[in-house]
Amino acid sequence: MSMYIAKSRSIAARALDGEMIIMSTSDSMLFTLNEVATEIWLAADGRTPLSQIVQDKVCAKFEAEPEAAYADAEDLCRRLADYGILVISDQPIESAR
Amino acid sequence: MTDAVSITTAGGGTQTSLLGRIGAKAEARVIPISVHLDLTWRCNEGCVHCFLDHSVGGDMDTAEVKGALDQLAAAGAMFLTLSGGEIMLRKDIFEIVAHARSLLFDVRLKTNGVLIGDGEADRFAELGVREVHISIYSHLAEAHDAITRVPGSFALSIEAVKRLTSRGLAVEIRVPVMKGGANYARLRALAKEVGARILYDPTIIPMMDGDRTPVSLNLSPAERAEFYADPAVLIGLEDDCAPPAPAGEELLNGHSCGAGHLRCYISPQGDVTPCVQFPLVCGSLRRGSFLEIWKSPQFAEVRGIRNRDLQVCSSCSSLSSCRRCPGLAFQEGNMHGASSQDCESTYFRTKVPTPLYPATDLDPAPERHPPVSGQFVPLAALLPAPRDGMHRDPAAY
């Protein structure tokens with residue numbers, strides 16, 4: 001089953017020297033993403049399957065085994081979704097809430 | 001990818017927090033990560049201590065403000081404070097906030113709340129405003145209204161706090177403390193009752209045009225001593241009130257404030273200065289780009305000031321504890337010098353005499369003690385520097 005990811009609308013975010021800073025506007029939690037996670041975050045458009053993102057943005061740029069990279073990426077996305085800063089779905093996402 | 005994400009609650013930070021690390025990184029790369037933008041100096045209140053001239057017009061129009069926000073986002077700014085004057089007097093306030101949110105700014109508003117009804121509160125919540133600051137001067141309506149000089153303003157401001165907190169917005173009650181003091185415990189109880197945080201600010205600053213009349217409204221020495229002895233004030237201030245540690249090399253090579261290093265201020269007319277209380281105009285967005293101004297010789301001079309170069313403060317035993325405001329020093333005539341207001345506040349906070357407030361037997365601050373030894377840990381200078389007595393709450397940043 002494909003996973004689609006989109007940024008929540010309840011966030012503020014800015015890239016700072018390759019590191020993504022994200023503030024949840026709903027509970028004032030602050031996050032920073034490392035370089036790999038930032039690549040996934042930036043590609044979270046709700047339309048591109050996570051598998052494609054991992055292939056294009058992770059495996060193509062970093063030394064990573066595809067299966068392990070996907071598992072890590074999926075785990076990351078679920079964690080970010082638990083915090084409410086990322087929306088995940090098994091269908092393309094029109095408008096993240 | 002277990003280390004892919006670092007997380008902290010913004011309310012739980014310390015000097016070593018994620019927030020501090022972000023601030024240090026922004027500063028090292030000279031990125032203006034925090035910007036205070038005044039949208040107008042017009043106001044619907046007439047507070048006795050205000051440092052602004054409400055008659056000054058020439059506010060940037062909607063397109064100019066949006067253009068400024070575009071430039072700030074491109075420069076790396078993330079934390080945006082929209083203030084005034086009274087922001088709700090701008091008919092385009094929601095358009096501006098919406099534009100800022102579309103650029104993924106973390107938006108904080110400063111308002112008196114008088115014009116925030118249910119519809120306005122709904123809109124700010126929908127737009128994803130994270131935090132709102134509202135000034136309250138007393139737990140007593142008549143005392144508050146006497147300062148704003150608007151009858152009924154206390155009730156309207158408190159209602160606004162309730163409307164916003166009920167919609168999930170974080171609200172901080174700001175208490176500028178002035179002559180006569182306040183019942184700090186009752187104010188803290190009021191804040192709790194309406195679901196807001198509270199922050200006391202015992203520094204009344206000069207007007208932006210240099211008029212020092214408002215400074216006379218500051219607490220008297222006796223009142224300041226009482227302020228720093230009040231348990232309702234001291235919550236969270238324990239470290240700030242401890243005897244200063246000796247200044248180490250890191251501190252001497254550092255600076256006292258992030259103004260001009262990682263944050264700046266923009267006036268309604270587009271003038272760019274290091275901070276709202278540091279009126280050194282470094283350029284105008286109406287005559288140049290933000291980045292040109294941010295890289296100007298004026299900002300470079302501010303960034304070049306190190307603690308070891310300060311004419312009075314470099315040898316002060318309270319350097320590690322002092323919240324020296326370079327803007328207040330600038331307004332006293334020398335941004336390389338000391339700020340007498342900070343010297344006084346540091347004395348009453350730590351009970352250790354300072355260069356411009358050496359203390360005498362007539363002063364009421366009790367129990368002076370010498371500095372203690374220990375390793376200095378630099379404070380994370382991220383967003384608007386707390387003045388004396390204001391505890392740094394990272395959620396306010």
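FYI, side chains are in, hydrogens and waters are out, and symmetry mates aren't considered; it's all heavy atoms of this structure. Naming convention: chains lettered A, B, ... in sequence-line order (proteins, then strands); numbering from 1 in each chain.
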Checklist entry - What residues form a ring-ring contact (aromatic ring centres under 6.0 Å, His included) with B:Phe94, not counting sequence neighbours? => result B:Phe124

Checklist entry - Any idea which heavy atoms bring B:Arg101 and A:Thr25 closest together, and the distance? => result NH2-CG2, 3.9 Å

Checklist entry - Can you say whether A:Ser24 sits under 4.5 Å from chain B via the side chain, the backbone, both, or neither, judging by heavy atoms? => result backbone

Item to check | Pairs of heavy atoms under 4.5 Å with chain A: top-ranked of B:Gly76, B:Ala125, B:Gly168 | outcome: B:Gly76

Checklist entry - Listed by chain and number, what are the side-chain hydrogen bond (donor to acceptor under 3.5 Å, both in side chains) partners of B:Asp92, not counting sequence neighbours? => result B:Thr62, B:Arg90

Checklist entry - Do side-chain atoms of B:Arg130 reach the backbone of A:Ser26 as a donor and acceptor pair under 3.5 angstrom? => result no

Next on the checklist: Ring of B:Phe105, cation from A:Arg14 - is the NZ or CZ under 6.0 Å from the centre and inside 45° of the axis?
Outcome noted: yes

Checklist outcome for this item: When rounded to the nearest 0.5 Å, the distance separating CG of B:Leu104 from NZ of A:Lys7 is 8.0 Å

Next on the checklist: What's the separation between atom CD1 in A:Ile21 and atom CG in B:Asp106, rounded to the nearest 0.5 Å?
Outcome noted: 10.5 Å

Item to check | Separation between CD of B:Glu131 and CE of A:Met23, rounded to the nearest 0.5 Å | outcome: 8.5 Å

Next on the checklist: Looking at B:Glu126 and A:Arg9, is any side-chain nitrogen of the basic one under 4.0 Å from a carboxylate oxygen of the acidic one?
Outcome noted: no

Checklist entry - Going through the distances and angles, do A:Leu16 and B:Met78 end up as a side-chain contact (heavy atoms from CB on, under 4.5 Å)? => result CA-CA 9 Å; A:Leu16 177 61; B:Met78 175 178 179; over 6 Å; no

Checklist outcome for this item: Between B:Leu18 and A:Leu30, the two heavy atoms sitting closest are CD2-O, 3.7 Å

Item to check | Over 12 non-hydrogen atoms of neighbours within 6.0 angstrom of CZ in A:Arg47 | outcome: no

